[in-house]
Each structure stands twice: as C-alpha cells, then as structure tokens.
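Whatever order the structure lists ligands and atoms in, that order sets their numbers, starting from 1. From a predicted model like this one, the values you see are computed outputs, not experimental measurements.
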Amino acid sequence: MRKWIVAGNWKMHNTISESVALAYAIKEGTTGLKNGEVVVAPPFTALHSVGEAIKGSAVALAAQNMYYEDKGAFTGEVSPSMLTDAGCKYVIIGHSERRKYFNESDENVNLKVMKALATGLKPIVCVGETDGERNKGVTQSVVNRQVRKALAGVNKIDHIVIAYEPVWAIGTGKVATSAQAEDVHDFIRRLLVEIYGCMADDVRILYGGSVTKDNIGELIAMEDIDGALVGGASLKPDDFLGIINKMP
Ligand code: PEP
C-alpha cells in the first residue's frame, strides 16, 4: 500500500516570516496525521526557519532545486549537503519552470537525481508534456524520454517520487481530467515496472497542475495517483489543508 504525499511548492513566494507563519498553520492543521506525508518546499532563504517551525510534526521539508556538486566555485548555486543541513528530506528536481526558464536538460536532471540520492535526499522528479506536445500526440514519448533519462543509472527506485505535471496545467487553472492524468500515471507505472520490476509498485506518482481542494477528490480516486504536487493552492492554509483533508 503506497502512502500518499501532498507536497506544496511555494515557488518564489513568501518572506521568511510569511513562510514560517504558513508552516505553523500547516503544522497545526496536520496534527495526528498518520496515513500519508505532507511536504512543503519554501524558497531557499526560508528553508532553515521553516525546518525549525515544523520540527516534531508530520510535515517534511523539501527544496525546490539543487546543484549536483558538493561545493566549489559555483556562484549562486546550493549544494545537496547544504539542503540536508537545513533539514530537507526531499528535493524537487526538473520542475518544468526550471526546464523552461533555466534551460535545465534531461542530463542535468539526471545528474541532480544521482547526487540527491547519494546525499540522502529523496528526489521528487517532475515530468510532463507541453500543450503542443499533447496536441501532436507525443505525450507518452515525451514522458518516456524524461523518466528514462532522469533515472539513468538509478538502481534502486525506493527513494524516488515522480510528479507528473502536464505543463499546460501548471498555474493555468486547466486541470487534467482524472482520466487524462490516470492514463499517464499508468503509463509511468508500466514503464517503471519494465525497468525496475515489482519495486515500481511502491513508487509514489504525484499529479501536479492546478490542483485545488475541489478537484483533488476525483484525481486521488485513480489507482495510480498517489498524491499531489501543488503550487498556487499551497500558499493558503485553508486551500492546502483542504487538499490534504481529501486524502484517503
Ligand atoms: C507546480 O508548480 O508544481 C504546480 C503544480 O503549480 P499549480 O498547482 O499552481 O498549477
């Protein structure tokens, strides 16, 4: 039985004090939670403070990105050991905004995944097609390439979380239907089974893209949807807790 995850990607929002206030509200709203995992990904500047705020709670800390070297002359980058030092358990890798605005390639994503695993971080690996790709009918080949390349050289899949995030659904209010999402989740599951055998049954595959407390119910009812990666709706406690409360 896979444990669901609801992860909030705060993107480039919130000062340290705003982040801490949001973290406390989520912590309070999730006391006693046992059957799933709640993850928050604040901006780098707030990681440590949020990590302190959520100590002893059911909420885990994630970073939104990392570099694939331990240290050195890489101005502006943050290393995986800096993230574990700040209290991170998870790291989001290959978000479509990083691929689009920062030219992150499948090869970069793979280097980051390998380094995160070697450092003890659990990668949340984002994949998903653009609307142009969906219209051309190449969704499966795009996702196939992204998943295979991201996981090249990964022998054990147990610390990996995949987030299927159709790019056309991110921040647009255009959520995928539960059937559209399940189609791709099922495809990813079968791909993982092909590569990793029965280990793939335990991998959590999250859906991301305009998730709200009103649409998550239908999505989470699907067999291969194990939770959500949430952007906009993770910034308001009521909206985010509303999503968590719909989990099985
Ligand atoms: C995201 O940033 O990963 C995301 C899914 O954003 P939103 O929920 O706002 O579409």
Close-contact set for ligand 1 against [X] heavy atoms, below 4.0 Å:
| X | value |
| --- | --- |
| A169 | 10 (O) |
| G209 | 5 (C), 10 (O) |
| G171 | 7 (P), 9 (O), 10 (O) |
| G232 | 7 (P), 8 (O), 9 (O) |

Consider every N or O of [X] and every N or O of ligand 1, then say whether any pair is closer than 3.5 Å.
| X | answer |
| --- | --- |
| E97 | no |
| G231 | yes |
| S210 | yes |

Between [X] and [Y], does any side-chain N to carboxylate O distance fall below 4.0 Å?
| X | Y | result |
| --- | --- | --- |
| E37 | K3 | no |
| D158 | K156 | yes |
| K112 | E104 | yes |
| D106 | R145 | yes |
| K100 | E97 | no |
| E194 | R148 | yes |

For atom 3 (O) of ligand 1, what's the nearest protein heavy-atom neighbour? Residue, atom name and distance, please.
E165 OE2, 2.7 Å
Among all protein non-hydrogen atoms, which one is nearest to atom 1 (C) of ligand 1, and what is the separation to 0.1 Å?
H95 NE2, 3.2 Å
H48 NE2: over 12 foreign heavy atoms closer than 6.0 Å:
no
I170 contact mode with ligand 1 (heavy-atom cut-off under 4.0 Å)
both
